[in-house]
J.: 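Let me begin by handing over the structure; questions about it come next.
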Amino acid sequence: MALSKIQSESVNLADNFAFSGTVTGAGGLIPLSTVTVSSATANITFDNLSTDYDNYMFFIEIHPSTDNTSLYARFLDSSGSEQAGGNDYGYYADQDGSALSSDLENHMRLSNSYGNADYEGYRGVATLQGRNYAVDTSVKPPQISGTYSITNTSSVLSGGAFYAAQSYIGKAVIRGIRFYQSSGNIEKGKISIYGVTQP
């Protein structure tokens, strides 16, 4: 007789198990790739994101080459070019109770300024929504949002939350995203990307 139900409190999972079936109905994170920076680079770019996922998560750590810089991002358009029009984006970040915001910009700002001394830099988690966006007046354009912590130029821990999106002027199909800084190179860092599946 086939087993149709297992109660979690009655199964000991301390052993190794082989599985050849398919799990359905469950959402989750699918690891896709990790970009590691070991020598200074201007940006970290993820292009040609799979259309299998509409949502992506990024785990980010950055140590800058220069002091007093912020993390920025721009989407890549349907041809892979950086979307950088002067009114393409809006963003808002709250860091330790202070707001950073702009409604019409050529970039998305994902943090306040951080430092480049020992142990300084940026760590954050971001979710991109709208990879498969098709321009439609009833659907919000692509956005990225998340939380972060920095160590600033005085070696003080700080942090907050951010959200940024294409503006109604910059609305467009995207196929990727580029992370870079307001000034200087990324000296060292790592960004891991995951596709988000939904049940």
Side-chain angles (χ1 to χ4, degrees), residues 22-35 42-62 70-112 122-150 159-182 191-199:
T22 301
V23 177
T24 59
L29 299 180
I30 308 300
L32 300 175
S33 68
T34 296
V35 174
N43 61 70
I44 299 175
T45 300
F46 295 90
D47 192 9
N48 288 313
L49 294 175
S50 172
T51 56
D52 290 346
Y53 311 100
D54 193 45
N55 303 315
Y56 287 85
M57 285 194 73
F58 300 87
F59 292 84
I60 306 166
E61 56 184 83
I62 300 287
S70 302
L71 188 63
Y72 286 8
R74 286 178 174 148
F75 290 127
L76 304 181
D77 65 21
S78 59
S79 63
S81 298
E82 198 172 281
Q83 183 183 358
N87 296 318
D88 283 350
Y89 304 103
Y91 64 78
Y92 177 89
D94 185 292
Q95 182 163 311
D96 297 343
S98 296
L100 306 165
S101 66
S102 181
D103 287 328
L104 297 172
E105 281 288 349
N106 70 351
H107 63 276
M108 298 179 286
R109 186 172 180 178
L110 309 186
S111 78
N112 206 340
Y122 176 105
R123 281 188 185 267
V125 178
T127 302
L128 184 159
Q129 296 172 276
R131 161 60 180 97
N132 299 318
Y133 173 72
V135 176
D136 180 338
T137 57
S138 64
V139 180
K140 188 178 185 308
Q143 73 171 38
I144 187 167
S145 60
T147 59
Y148 68 95
S149 68
I150 62 168
F162 67 87
Y163 57 87
Q166 287 178 336
S167 69
Y168 69 95
I169 296 170
K171 61 193 178 299
V173 172
I174 65 168
R175 75 176 207 189
I177 189 167
R178 174 167 292 153
F179 296 96
Y180 66 103
Q181 296 176 134
S182 57
I191 301 182
S192 298
I193 181 174
Y194 293 76
V196 180
T197 62
Q198 297 176 332

J.: Between L128 and F75, is any pair of side-chain heavy atoms under 4.5 Å apart?
T.: yes

J.: For the atom pair CZ (R123) and CD1 (I60), what is the distance rounded to the nearest 0.5 Å?
T.: 11.5 Å

J.: Is the ring centre of F58 less than 6.0 Å from the ring centre of F46?
T.: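 Distance test on ring centres: under 6.0 Å, yes.
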
J.: Rounded to the nearest 0.5 Å, what's the gap from CG on L76 to CG on D47? Could you check?
T.: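 Reported value, rounded in 0.5 Å steps: 5.0 Å.
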
J.: Show every salt bridge (charged side-chain N to carboxylate O under 4.0 Å, His left out) that has at least one partner inside residues 128-145, sequence neighbours left out.
T.: none

J.: Taking side chain as C-beta onward, heavy atoms only, is Y56 less than 4.5 Å from S50?
T.: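 Answer yes - side chains close enough.
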
J.: With no hydrogens and no angle check, is any side-chain donor or acceptor of Q83 less than 3.5 Å from a backbone partner on G170?
T.: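 Judged by distance alone, yes, a pair lies under 3.5 Å.
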
J.: Once rounded to the nearest 0.5 Å, what's the spacing between atom CG of L49 and atom CG of D52?
T.: 11.0 Å

J.: Would you say S192's side chain and T34's backbone share a donor-acceptor pair under 3.5 angstrom?
T.: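 Between the backbone of T34 and the side chain of S192 there is no qualifying donor-acceptor contact (under 3.5 Å).
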
J.: Answer yes if the side chains of R74 and Y180 hold a donor-acceptor pair under 3.5 Å, and no otherwise.
T.: yes

J.: Under a 4.5 Å cut-off applied to non-hydrogen side-chain atoms, are F162 and S111 in contact?
T.: no

J.: Is a side-chain donor or acceptor of S167 paired with a backbone partner of N87 at a separation under 3.5 angstrom?
T.: yes

J.: Has D54 got a side-chain atom pairing as donor or acceptor with N132's backbone, closer than 3.5 angstrom?
T.: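 The answer is yes, because a donor-acceptor pair under 3.5 Å joins these two groups.
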
J.: When rounded to the nearest 0.5 angstrom, what distance separates CZ in R175 from OG in S79?
T.: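 Rounded to the nearest 0.5 Å, the CZ-OG separation comes out at 6.5 Å.
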
J.: Between S182 and S70, is there a donor-acceptor pair closer than 3.5 Å when you use the side chain of the first and the backbone of the second?
T.: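 A pair under 3.5 Å: yes.
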
J.: Within the 4.5 Å heavy-atom criterion, are I174 and D77 side-chain neighbours or not?
T.: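 They are not in contact (no side-chain heavy atoms under 4.5 Å apart), so the answer is no.
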
J.: Would you say L110 and Y122 make side-chain contact, with heavy atoms under 4.5 Å?
T.: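 When only atoms from C-beta onward are counted, Y122 and L110 do touch, with a gap below 4.5 Å.
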
J.: Taking the side chain as every heavy atom from C-beta outward, state whether P31 and Y194 have any pair of such atoms under 4.5 Å apart.
T.: yes

J.: Regarding N43 and T45, is there a side-chain donor-to-acceptor distance under 3.5 Å anywhere?
T.: yes

J.: Would you indicate whether D103, at its atom CG, is surrounded by more than 12 heavy atoms from other residues, nucleotides or ligands within a distance under 6.0 Å?
T.: no

J.: Say whether, by atom type as modelled, one donor and one acceptor occur between the side chain of Y91 and the main chain of Y72 under 3.5 angstrom.
T.: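 Such a contact is absent between Y91 side chain and Y72 backbone.
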
J.: Closest heavy-atom contact between Y148 and I150?
T.: CD1-CG2, 3.7 Å

J.: Rounded at 0.5 Å granularity, tell me how far CD in Q143 sits from CG in N55.
T.: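 Separation between the atoms: 9.5 Å.
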
J.: What distance separates D88 CG from H107 NE2, expressed to the nearest 0.5 Å?
T.: 12.0 Å

J.: Do the side chain of Q95 and the main chain of L100 share a donor and acceptor less than 3.5 angstrom apart?
T.: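 No, Q95 side chain to L100 backbone: no donor-acceptor pair under 3.5 Å.
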
J.: Heavy atoms, side chains only, cut-off 4.5 Å: are N112 and D96 in contact?
T.: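 They are not in side-chain contact.
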
J.: Does F179 reach the side chain of I144, with side-chain heavy atoms less than 4.5 Å apart?
T.: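 A side-chain contact exists here, since the closest heavy-atom pair is under 4.5 Å.
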
J.: What are the two closest heavy atoms between A165 and M108, and how far apart are they?
T.: N-SD, 4.0 Å

